[in-house]
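Working notes for the structure below.
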2 protein chains.
Amino acid sequence: MATRPKKTPPPVSEEALLLIASWFRTLAEPSRLKILRALEEEEKNITELVEATGLTQANVSRHVQSLVDAGMVGRRKEGLSVICFIADPSITDLCDTVCNNLLKRLSNQVKKLGGS
Amino acid sequence: MATRPKKTPPPVSEEALLLIASWFRTLAEPSRLKILRALEEEEKNITELVEATGLTQANVSRHVQSLVDAGMVGRRKEGLSVICFIADPSITDLCDTVCNNLLKRLSNQVKKLGGS
DNA sequence: TAACTATATGAGTCTATACGCATATAGAAT
DNA sequence: ATTCTATATGCGTATAGACTCATATAGTTA
């Protein structure tokens, strides 16, 4: 039961693939990753995100929009400010997992380069 | 110990962000997801991948190259054929996780649309 | 209302990359 | 050696989307 069957038959429609791909695409941008990382510390408004990331205000605004569309970030208005926060904490774990995977691969490559 | 600290300080260099982003970018393409899904059933050569995915041979070849570069897929030559296989099984789990997340969100949206 | 602040957005430019077509290359079989 | 099969790749085209600059919009304060 715990071991998944080797054959995953026909599933995953074309539309589902598009959705999944677009979700990954949201994370395929250094600027957006930077924003996510800044939000992991604590929630921030757009101006604070501009300072934290070094991006322009227009850029941060658009990227935050993407992240909200993808359901990764939430927004609430407070006075003039728009406060952004991580909406889906599993994102953080996901990124950590990916990071660790990459680090492992890289250190293996380094080992190979050094050893041969 | 199990709870990660709320503040993740300065880490994650610019280069690391680029790496992570490019890793995600590899998964941000429906065609490549299709190839990965086909390989989850069992390893396949390029021609079989062409049949399984409906992509052109040139396209499959290039996408496989990307997947190999990202360390997700492995290749070995057998006669004239090039056999491709999932190199990093964690990819499969990752995709499943993402799928489940998306499904949850979508069904919530449907519920909201129906309920309001 | 007017002036000011925080955020969003329109328009244009530029780069990355997916695709198709044709062709090159590697290996097998005759 | 020639031919056939499987895969890779050069090149041109088209599209997506990230960025900048300027400006619009929403909300605040005097």
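The structure displayed is predicted, hence computed values, not measured ones. Order of the sequence lines sets the chain letters (A, B, ...), proteins ahead of strands, with each chain counted from 1.
Regarding B:Gln65, its CD atom lies at a distance of 14 Å from the P atom of C:dT17, rounded to whole Å. The CD1 atom of B:Ile46 sits 9 Å away from the C1' atom of D:dA8 (whole-angstrom rounding). Taking atom CD1 of residue A:Ile83 and atom P of nucleotide C:dT7, one finds them 8 Å apart after rounding to whole Å. Nucleotide C:dT9 holds its P atom 10 Å from the CG atom of A:Asp69, rounded to whole Å. Between B:Arg25 atom CZ and C:dA16 atom P the separation is 10 Å, expressed in whole Å. If you take CG of A:Leu55 and P of D:dG17, they are 18 Å apart, rounded to a whole angstrom. Here the P atom of nucleotide C:dA16 and the CD atom of B:Glu29 are 16 Å apart, to the nearest Å. A:Ile35 places its CD1 atom 13 Å from the P atom of C:dT7, with the value rounded to the nearest Å.
Across all strands, A:Ser61 comes closer than 4.0 Å to base atoms (heavy-atom distances). Nucleic acid contact for A:Arg62: base, since at least one base atom lies under 4.0 Å from a heavy atom of the residue.
Between B:Cys99 and A:Ile20, the closest side-chain pair of non-hydrogen atoms falls below 4.5 Å. The shortest distance between side-chain heavy atoms of A:Ser90 and B:Asn101 falls below 4.5 Å.
Between A:Lys44 and A:Glu51 there is no salt bridge, since no side-chain N of the basic residue sits under 4.0 Å from a carboxylate O of the acidic one. A salt bridge between A:Glu14 and B:Lys34 is present, with a side-chain N of the basic residue lying under 4.0 Å from a carboxylate O of the acidic one.
Residues B:Arg62 and B:Gln57 have side chains that never bring a donor and an acceptor to within less than 3.5 angstrom of each other.
DNA chain C is contacted by both A:Lys77 and B:Ser66; A:Lys77 maps to the nucleotide lying nearer its 5′ end (nearest heavy atom per residue). Between A:Ala58 and A:Ala28, the one whose closest nucleotide on DNA chain D sits nearer the 5' end is A:Ala28.
The phosphate of D:dA6 (OP1 or OP2) has no side-chain N or O of B:Thr47 nearer than 4.0 angstrom. Proximity of A:Ser31 to the phosphate of D:dC19: a side-chain N or O atom is located under 4.0 Å from OP1 or OP2. Distances shown here put every side-chain N or O of B:Asn59 at or beyond 4.0 Å from the OP1 or OP2 atom of C:dA18. For the pair B:His63 and C:dC19, the criterion of a side-chain N or O lying under 4.0 Å from OP1 or OP2 is met.
Residue side chain A:Arg75 does not reach the base of C:dT7 through any donor-acceptor N/O pair under 3.5 Å, judged by distance alone. In this model, no side-chain donor or acceptor of B:Gln57 finds a partner on the base of D:dA6 within 3.5 Å.
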